[in-house]
Protein chains: 2
Amino acid sequence: MSLPHALMVSLIEKSCSGYDLAQRFGKSIGFFWQASHQQIYRELAKMEEKGWVKSEADEESKTKKRIYEVLDAGRIELKRWASESVEPVTQREEFFVRLRAEAALGPLGLVDEMRHRIQIHEQKLALYRAIEQRDFLSKAHKNSMTRELKIQYQILRAGIVYEEGGLKWSKETYEILKQE
Amino acid sequence: MSLPHALMVSLIEKSCSGYDLAQRFGKSIGFFWQASHQQIYRELAKMEEKGWVKSEADEESKTKKRIYEVLDAGRIELKRWASESVEPVTQREEFFVRLRAEAALGPLGLVDEMRHRIQIHEQKLALYRAIEQRDFLSKAHKNSMTRELKIQYQILRAGIVYEEGGLKWSKETYEILKQE
DNA sequence: CCACCCATGTAACTAGTTACATGATTTC
DNA sequence: GAAATCATGTAACTAGTTACATGGGTGG
């Protein structure tokens, strides 16, 4: 994919350290992208070499924290990349392979797995709904939202739509697998 | 993920050559998994080394086609793997990074991209609906389906649910991006 | 002072992509 | 006889994961 560009978007929204990025990419941004700290540090170093970002030691903290900031060259690169047209790729879903295995070889315990997945979908959905309330529905009327805020809301909406679909499908599938 | 296991499931459904697998993994199975021929040949060689599959030259054809077949050791391994519980991973969706870039930096031409994505969702949905009619709805009553067929139908259903959600979301998002 | 979190990194490995290569067979 | 497709592979590269390492700061 393109982790460096994802990192730059995040840094434009707010400059921070590699460690902070790792936290973000395990949480909020991690809704649709996850990355380990090892990978983030490596990419940040490469990006600095290319002149897309610059870093400086954090004055305020006593630790060896380095704050990264996106430079103009980085913004230009990000614009170029985001405007590129890319065909949507089919997602690899390992679970479907398991399901096919269950179809071909007989029950393999995927019923329990389905029950677990239903729970996860419900949890995520509840979380997204809470964020929706907090950040997009209470704050202002939908009509008075800025374009930027509307787009940010759409990204959350994607998560909601995805989890709703996944939940519906998981429940259907659970009922079928139950009948061994 | 685990390409070897995906290949074995496919070979259990029907023994065939690496070339045939590459065709399948670019088409029907490619609904949820894609793989290049290079990767497939490499994996088949490894799997044969491990004793999961065996291959023999195709008698019928004059070419140097090799037909692969799953061995007992392969079936055992597949069962073991499919029963393993694995946490669902958040999918990386590059497009959301682009959207965030558009939110942060202003219009970058993603409206056209959205229009294109709506078309793709519609096409895929139409295709899945056609397969649904052909393989699952006309053939027999849903009640009289075997467990195996029901599971196979659920895999297609996943594609339908996903595309429906994606289409709905894309239309919403298109309307928002249109207002530059 | 011990455990835990902050903060950064290296090294080795695994999976996946892109580019290149080759020869045989079928189709026009 | 040329072009397309069948059928197999190698090599080099890129992205991502796992394991390991280190040292400082904070709270009990």
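Per chain, numbering begins at 1; letters A, B, ... match sequence-line order.
Among residues two or more places apart in sequence or in another chain, the salt bridge (Lys or Arg N to Asp or Glu O under 4.0 Å) test is passed with A:E148 by none. Shown here are the salt bridge (Lys or Arg N to Asp or Glu O under 4.0 Å) partners of A:K14, two or more places apart in sequence or in another chain: there are none. Taking the ring pair (Phe, Tyr, Trp, His ring centres under 6.0 Å) definition, one finds that A:F96 meets it with A:W169, B:F32, sequence neighbours left out. Scored by the side-chain hydrogen bond (donor to acceptor under 3.5 Å, both in side chains) test, B:E102 finds A:R147 as partners (sequence neighbours excluded).
For D:dG9, neither phosphate oxygen OP1 nor OP2 lies less than 4.0 angstrom from any side-chain nitrogen or oxygen of B:Y41.
Through direct or indirect side-chain contacts shorter than 4.5 Å among Ile, Leu, Val, Met, Phe, Trp and Tyr, A:Y162 is connected to B:Y162. Hydrophobic cluster of B:I120: no remaining members, since no ILVMFWY side chain lies below 4.5 Å from it.
Between the CZ atom of B:R66 and the P atom of C:dG23 there is a distance of 19 Å, rounded to whole Å. At whole-Å resolution of the value, CG in A:D58 and C1' in C:dC6 are 12 Å apart. Distance B:L44 CG to D:dA7 P: 14 Å, rounded to the nearest Å. Rounded to whole Å, the distance from CD on A:E94 to P on C:dT14 is 17 Å.
Of the residues in residues 10-23 of chain B, B:S17, B:G18, B:Y19 come within less than 4.0 Å of DNA chain D through at least one heavy atom, sorted by number.
Screening residues 86-97 of chain B for salt bridge (Lys or Arg N to Asp or Glu O under 4.0 Å) gives B:E94-B:R98 as the qualifying pairs, with residues at least two apart or on separate chains. Here salt bridge (Lys or Arg N to Asp or Glu O under 4.0 Å) pairs that include residues 160-169 of chain B, with residues two or more places apart or in two chains, are B:R129-B:E164.
Toward the 5′ end of DNA chain D lies the nearest nucleotide of B:K65, the other residue of the pair A:K46 and B:K65 mapping further downstream.
With hydrogens and angles left out, the side-chain atoms of B:Q154 and A:T173 include a donor and acceptor closer than 3.5 Å.
Between A:S2 and A:W81 the shortest side-chain heavy-atom distance falls below 4.5 Å.
Comparing the local axis fitted to the first five base pairs of the helix from C:dC1-D:dG28 to C:dC28-D:dG1 with the one fitted to its last five gives a bend of 20°, rounded to 10°.
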Residues 39-54 of chain A, side-chain donor-acceptor partners within the protein, below 3.5 Å, at least two apart:
residue : atom : partner : partner atom : Å
A:E48   : OE1  : A:S55   : OG           : 3.2
A:E48   : OE2  : A:S55   : N            : 2.9
A:E48   : OE2  : A:S55   : OG           : 3.0

Contact pattern, 5' to 3', of nucleotides 17-28 of chain D - B, S or - by protein heavy atom under 4.0 Å: BBBB-----S--

